[in-house]
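To keep things clear, I will list the structure first and then write my remarks on it.
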Amino acid sequence: MSWRNDDTKYVREINEKLTQLFVSYNKTLSSTGILLGRLYSSIVFMQYPEFSGSIETLVKLYHTIENVKEEILKIKQQYEILENEIEMIINSVKNTLKIEDVGNVFPIYSSLKSLMKIIKHMIDEAISVTETVNNIDTLKRRVIMVNQLTTSDEISVYRLGLKLLREISDFRKFQKLVETLYYSLVSSSGLDDETKRQIASDYIKTLRSSLEYINSTEKEVEKTTKIVETFILDIKGSRFEELLLSLVNEYKASFNSLIKTVRDTLNEVNRMGFDLGIVRN
């Protein structure tokens with residue numbers, strides 16, 4: 001497509017605006033991912049308040065979730081402002097250049113649309129999760145108090161539960177950060193090849209080190225799981241049996257979900273790296 005000089009200048013200016021908006025949205029993506037990680041690492045204590053450690057800790061985490069919700073709502077407001085700005089730009093482009101397929105003229109627009117869709121999904125996800133916590137008083141009554149434990153088995157249950165819960169919290173936080181990295185990769189399709197090479201190269205290094213860490217953790221997870229499952233057999237019929245069983249199943253599921261996310265994301269980044277010539281088959 002050929003342009004008049006005025007049109008060429010206009011196209012360049014619009015491309016710069018869309019690129020600036022893409023950068024802005026990318027920062028929003030990172031911020032939202034960090035908040036989601038914080039949210040998921042806190043929400044698990046609301047699901048298993050028995051092992052939160054204390055009522056004070058539970059209340060503190062509850063306030064963390066409330067604060068995250070406020071931050072997410074601020075991001076939603078910013079998102080809507082930028083969304084309106086983009087809509088005005090695109091309408092201007094269509095009217096000025098007399099085109100319908102804006103992505104054909106501005107490849108960055110395809111990446112921007114993808115990024116917007118991802119961020120909206122993350123915002124909706126975060127708000128939905130925060131709304132599952134609505135009665136802190138009920139949760140406080142479920143907290144196991146150390147001074148109420150009278151046998152060595154009960155103390156062991158408490159310690160194991162606390163360990164599992166903290167590790168689940170770490171697994172979920174880590175997974176959300178990896179998912180955010182993946183979303184950033186997916187939305188980069190409309191960028192130039194050199195930028196994509198840099199992104200893929202950085203992500204490959206990060207994900208390879210993450211996979212090494214997870215692989216080294218896998219044996220420890222298996223060991224912990226075996227200890228807990230053996231202990232559950234020893235306390236069969238106890239009031240803590242079902243609770244600890246549910247928690248160890250959540251522990252295994254959370255770790256398996258994390259390791260699958262890291263491996264799948266690394267495979268996707270490697271595929272992109274191969275297409276860009278930075279990874280050998």
Side-chain angles (χ1 to χ4, degrees), residues 1-40 65-131 176-200 202-203 206 265 268-269 272 276:
M1 184 179 292
S2 59
W3 307 104
R4 297 171 303 172
N5 287 338
D6 287 349
D7 286 343
T8 301
K9 181 182 177 183
Y10 176 76
V11 168
R12 186 168 60 249
E13 289 173 350
I14 293 298
N15 197 61
E16 288 174 359
K17 284 184 181 179
L18 293 176
T19 301
Q20 289 169 1
L21 286 167
F22 179 83
V23 171
S24 179
Y25 265 113
N26 229 333
K27 291 178 180 177
T28 300
L29 174 70
S30 298
S31 301
T32 309
I34 290 170
L35 288 170
L36 263 177
R38 192 182 306 163
L39 177 61
Y40 274 94
I65 293 169
E66 289 292 297
N67 291 337
V68 168
K69 184 175 182 179
E70 288 180 13
E71 290 299 316
I72 290 291
L73 290 175
K74 289 178 185 176
I75 288 175
K76 184 179 181 182
Q77 289 178 339
Q78 294 168 357
Y79 171 91
E80 290 169 350
I81 291 170
L82 288 174
E83 188 178 37
N84 290 334
E85 184 177 347
I86 291 169
E87 186 177 353
M88 287 189 291
I89 291 173
I90 297 309
N91 287 336
S92 170
V93 167
K94 289 180 177 180
N95 291 331
T96 302
L97 300 180
K98 309 301 181 188
I99 59 172
E100 284 300 321
D101 188 359
V102 176
N104 190 42
V105 180
F106 304 98
I108 188 70
Y109 179 57
S110 299
S111 291
L112 190 54
K113 282 200 303 183
S114 174
L115 195 53
M116 290 167 63
K117 186 176 180 180
I118 289 167
I119 292 172
K120 186 178 186 307
H121 168 75
M122 292 172 74
I123 289 171
D124 291 344
E125 178 185 357
I127 292 173
S128 176
V129 171
T130 59
E131 289 175 349
K176 282 301 163 185
L177 294 178
V178 173
E179 286 177 1
T180 302
L181 184 149
Y182 173 72
Y183 292 148
S184 178
L185 174 73
V186 168
S187 66
S188 67
S189 59
L191 303 179
D192 63 88
D193 283 353
E194 187 53 42
T195 302
K196 287 192 285 189
R197 286 191 190 95
Q198 185 60 52
I199 291 173
D202 290 344
Y203 287 179
T206 300
T265 305
E268 186 65 23
V269 178
M272 180 179 175
L276 294 168

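Just so we're clear, the structure is a prediction, and the values are computed from it rather than from any experiment. In what follows, residues are counted from 1 in the order of the sequence shown.
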Item to check | Pairs touching residues 29-40 that satisfy side-chain hydrogen bond (donor to acceptor under 3.5 Å, both in side chains), sequence neighbours left out | outcome: Y40-E125
Item to check | Backbone N/O of M88 and side chain of S92: donor-acceptor pair under 3.5 Å | outcome: no
Item to check | CD on E85 to CD1 on I90, rounded to 0.5 Å | outcome: 11.0 Å
Next on the checklist: Can you tell me how far apart OH (Y203) and OG1 (T265) are? Round to the nearest 0.5 Å.
Outcome noted: 11.0 Å
Next on the checklist: Would T96 and I14 count as a side chain to side chain contact (heavy atoms under 4.5 Å, CB included) here? Give the steps.
Outcome noted: CA-CA 11 Å; T96 302; I14 293 298; over 6 Å; no
Checklist outcome for this item: Of all heavy-atom pairs linking T130 and I127, the shortest is OG1-O, 2.7 Å
Item to check | side chain to side chain contact (heavy atoms under 4.5 Å, CB included) between V105 and N15, worked out | outcome: CA-CA 9 Å; V105 180; N15 197 61; over 6 Å; no
Checklist entry - What side-chain hydrogen bond (donor to acceptor under 3.5 Å, both in side chains) pairs are there with at least one residue in residues 106-123, not counting sequence neighbours? => result K120-D124
Item to check | Nearest-0.5 Å distance that lies between atom OH in Y79 and atom CD1 in I119 | outcome: 7.0 Å
Checklist entry - With a 4.5 Å heavy-atom cut-off, do F106 and I89 have their side chains touching? => result no
Checklist entry - Looking at CE of M122 and CG of L36, how far apart are the two atoms once the value is rounded to the nearest 0.5 Å? => result 5.0 Å
Checklist outcome for this item: When rounded to the nearest 0.5 Å, the distance separating CD of E71 from CG of L73 is 9.5 Å
Next on the checklist: Between V11 and L97, is there a side-chain heavy-atom distance shorter than 4.5 Å?
Outcome noted: yes
Checklist entry - Would you say Y182 has more than 12 foreign heavy atoms packed within less than 6.0 Å of its OH? => result no
Checklist entry - Taking atom types as modelled and ignoring hydrogens, do the side chains of D202 and Q198 form a donor-acceptor contact shorter than 3.5 angstrom? => result yes
Checklist entry - Judged by atom type as modelled, is there a donor-acceptor pair below 3.5 Å linking the side chain of S184 to the main-chain atoms of T180? => result no
Next on the checklist: The test is side chain to side chain contact (heavy atoms under 4.5 Å, CB included); show your working for L29 and I118 and say whether it passes.
Outcome noted: CA-CA 8 Å; L29 174 70; I118 289 167; 3.9 Å; yes
Next on the checklist: To the nearest 0.5 Å, what is the distance between CD on E83 and CG on L112?
Outcome noted: 10.5 Å
Item to check | Carboxylate-amine/guanidinium contact E66 K69, below 4.0 Å | outcome: no
Item to check | L177 versus I34, closest heavy-atom pair with distance | outcome: CD2-CA, 4.2 Å
Checklist entry - Between the side chain of N91 and the main-chain N/O of E87, is any donor-acceptor distance below 3.5 Å? => result yes
